[in-house]
Amino acid sequence: MISVLLVEDDIDLATTIVDYLDIEDIECDHASNGIMGLNLIQSNQYQMIILDVNMPKMDGLTMCKTLREQGKDIPVLMLTARDSLDNKLEGFAAGSDDYLVKPFAMKELVARVQVLAKRKSGEAKRLTLANLNLDLAKRSADVEGQILKLSPIAFKLLETLVRNAPQPVTRSAIMQAIWGEEQPDSNSLKVHVHHLRKQLEATTHQVTLETIPSVGFAITANEGQPK
């Protein structure tokens with residue numbers, strides 16, 4: 001079942017959306033402002049967020065921007081009564097993945113939810129695992145300020161693993177993420193994994209790059225180590 005968070009201050013509209021999504025077997029929690037929404041995200045796992053733009057206490061643009069700055073890659077669908085190009089660009093600049101103008105058909109909302117829930121957002125600006133930090137805008141990684149010396153391919157490898165941490169990623173999925181359809185032989189991946197592992201071992205004891213036999217690779221935060 002798809003799990004969704006709706007952040008909307010119009011209670012009547014929120015009730016209608018929650019009820020309709022329930023009919024479509026989509027589980028939906030509701031928050032009436034951005035602050036409540038951020039609190040729910042801290043304690044629950046959602047596959048996507050439906051986010052109203054105009055709300056009290058914390059508006060949708062601020063909430064979305066906050067999520068992306070925290071490195072959260074949950075897909076966001078913005079709801080707004082404003083449909084000018086500038087408004088849409090403002091939403092995308094804040095880190096939204098899609099846009100729906102009120103009033104809208106519930107069937108269209110469901111279709112957008114089902115598409116977005118299947119993917120992670122590419123709009124996160126930072127990713128963090130223990131004391132390892134990735135700046136996706138600058139394409140750089142550091143451990144407590146110490147910059148890792150990574151090639152563009154090694155950074156993409158690290159990004160792919162951290163986005164999925166602590167779950168393992170198959171070799172084929174990693175190669176697709178890095179090289180797309182024009183893939184080199186598998187030895188190239190082994191070399192990049194080797195160099196990345198050496199970089200991590202030299203800079204942090206809190207993160208481990210593991211080889212998962214017959215599967216691929218996983219990056220994990222070591223339990224018992226200080227965050």
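Position 1 is the first residue of the sequence; numbering continues from there.
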Subject >> Check: Met1 and Ile26 side chains under 4.5 Å, non-hydrogen atoms >> reply: no

Original post:
With no hydrogens and no angle check, is any side-chain donor or acceptor of Asn44 less than 3.5 Å from a backbone partner on Leu40?
Top reply: yes

Original post:
To the nearest 0.5 Å, what is the distance between CG (Asn33) and OG1 (Thr62)?
Top reply: 11.5 Å

Original post:
Arg171: what forms a side chain to side chain donor-acceptor pair (under 3.5 Å) with it, not counting sequence neighbours?
Top reply: none

Original post:
Partners of Gln199 by side chain to side chain contact (heavy atoms under 4.5 Å, CB included), sequence neighbours excluded?
Top reply: Leu148, Lys149, Leu150

Subject >> Any residue meeting side chain to side chain contact (heavy atoms under 4.5 Å, CB included) with Thr128, in chain and number order, not counting sequence neighbours >> reply: Asn133

Subject >> Single-linkage hydrophobic cluster Met36~Leu67, side-chain heavy atoms < 4.5 angstrom >> reply: no

**OP:** Find out whether Leu77 and Tyr99 are in side-chain contact, i.e. whether some heavy atom of one side chain is under 4.5 Å from a heavy atom of the other.
**Re:** no

Original post:
So, for Gly37 and Ala31, which heavy atoms are closest and what is the spacing to 0.1 Å?
Top reply: N-CB, 3.6 Å

Subject >> Sequence neighbours excluded - salt bridge (charged side-chain N to carboxylate O under 4.0 Å, His left out) pairs with any residue from residues 57-67 >> reply: none

Subject >> Ile50 and Val4: CA distance, side-chain angles, deciding distance, side chain to side chain contact (heavy atoms under 4.5 Å, CB included) verdict >> reply: CA-CA 7 Å; Ile50 304 170; Val4 171; 3.8 Å; yes

Subject >> Results of side chain to side chain contact (heavy atoms under 4.5 Å, CB included) for Lys138 - residues two or more places apart only >> reply: Asp135, Ser140

Subject >> Spacing of CD1 belonging to Ile49 relative to CG belonging to Leu6, to within rounding of 0.5 Å >> reply: 10.5 Å

Residues 102-109 side chain polar contacts: donor-acceptor under 3.5 Å, at least two apart:
residue	atom	partner	partner atom	Å
Lys102	NZ	Glu8	OE1	3.2
Lys102	NZ	Asp52	OD1	2.9
Glu108	OE2	Arg112	NE	3.4
Glu108	OE2	Arg112	NH2	2.5

Original post:
Applying the 4.5 Å side-chain criterion to the ILVMFWY set and letting contacts propagate, would Leu157 and Trp179 be lumped into a single cluster?
Top reply: yes

Subject >> Cluster companions of Val215 among Ile, Leu, Val, Met, Phe, Trp, Tyr (side-chain spacing under 4.5 Å) >> reply: Ile212

Original post:
Would you call Lys118-Asp97 a salt bridge at under 4.0 Å N-O?
Top reply: no

**OP:** Indicate the atoms forming the closest heavy-atom contact of Ala218 with Pro168, along with that distance.
**Re:** CB-CA, 3.7 Å

Original post:
When Ile, Leu, Val, Met, Phe, Trp and Tyr are grouped by side-chain heavy atoms lying under 4.5 Å apart, directly or through other members, which residues fall in the same group as Val191?
Top reply: none

Original post:
Are Val169 and Met175 joined in one hydrophobic group, where the rule is that I, L, V, M, F, W and Y side chains link up if heavy atoms are under 4.5 Å apart?
Top reply: yes

Original post:
How long is the span from the OG1 atom in Thr203 to the CD atom in Glu144, to the nearest 0.5 Å?
Top reply: 9.5 Å

Original post:
Taking C-beta and beyond as the side chain, do Met63 and Arg68 meet within less than 4.5 Å on heavy atoms?
Top reply: no

**OP:** Could you check Phe155 against Leu136 for side chain to side chain contact (heavy atoms under 4.5 Å, CB included), going step by step and ending with a plain yes or no?
**Re:** CA-CA 9 Å; Phe155 181 84; Leu136 302 183; 4.0 Å; yes

Subject >> Residue list, side chain to side chain donor-acceptor pair (under 3.5 Å) with Thr208, at least two apart or on another chain >> reply: Asn222

Original post:
Are side-chain heavy atoms of Asn54 and Asp9 found at a separation under 4.5 Å?
Top reply: no

Original post:
Heavy atoms, side chains only, cut-off 4.5 Å: are Gln206 and Leu132 in contact?
Top reply: no

Subject >> Value rounded to 0.5 Å, distance of CE in Met55 from CD1 in Ile35 >> reply: 10.0 Å

**OP:** Check step by step if side chain to side chain contact (heavy atoms under 4.5 Å, CB included) holds for Leu209 and Glu201.
**Re:** CA-CA 9 Å; Leu209 173 50; Glu201 288 174 350; over 6 Å; no

Original post:
Looking at side-chain heavy atoms only, is the closest gap between Glu27 and Ile2 below 4.5 Å?
Top reply: no

Original post:
What is the minimum heavy-atom distance between Gly60 and Leu51, and which atoms define it?
Top reply: O-CD2, 3.2 Å

Original post:
Does atom CD of Gln114 have more than 12 heavy-atom neighbours from other groups under 6.0 Å away?
Top reply: yes

Original post:
Going from CG on Leu196 to CD1 on Ile219, what distance comes out if it is rounded to the nearest 0.5 angstrom?
Top reply: 6.0 Å

**OP:** Quick one: do Gln45 and Ser3 satisfy side chain to side chain donor-acceptor pair (under 3.5 Å)? Show the steps, please.
**Re:** CA-CA 8 Å; Gln45 293 287 327; Ser3 180; over 6 Å; no

Subject >> Sidechain-backbone polar pair: Arg126 side chain, Leu134 backbone, donor-acceptor under 3.5 Å >> reply: no

Original post:
Can you hop from Val7 to Val101 via hydrophobic side chains spaced under 4.5 Å?
Top reply: yes

Original post:
What pair of heavy atoms forms the shortest contact from Pro56 to Ser32, and how long is it?
Top reply: CD-O, 4.4 Å

**OP:** Identify, with sequence neighbours excluded, every residue that meets side chain to side chain donor-acceptor pair (under 3.5 Å) alongside Thr204.
**Re:** Asn131

Original post:
Quick one: side chain to side chain contact (heavy atoms under 4.5 Å, CB included) partners of Ser151, sequence neighbours excluded?
Top reply: Ile153, Ala154, His192

Subject >> Minimum heavy-atom distance Gly95-Cys64, with the two atoms named >> reply: C-SG, 3.4 Å

**OP:** State the CD-CG distance between Gln47 and Leu5, to the nearest 0.5 angstrom.
**Re:** 12.5 Å

Subject >> Side-chain heavy-atom pair Glu210, Thr220 within 4.5 angstrom cut-off >> reply: yes

Original post:
Checking side chain to side chain contact (heavy atoms under 4.5 Å, CB included) for the pair His30/Ile11: CA distance, chi angles, key distance, verdict?
Top reply: CA-CA 9 Å; His30 171 242; Ile11 300 302; 3.9 Å; yes

Original post:
Would Val76 and Phe92 show up in the same hydrophobic cluster when neighbours are defined by side-chain heavy atoms closer than 4.5 Å?
Top reply: yes

Original post:
For Thr16, what residues pass the side chain to side chain donor-acceptor pair (under 3.5 Å) criterion, not counting sequence neighbours?
Top reply: none

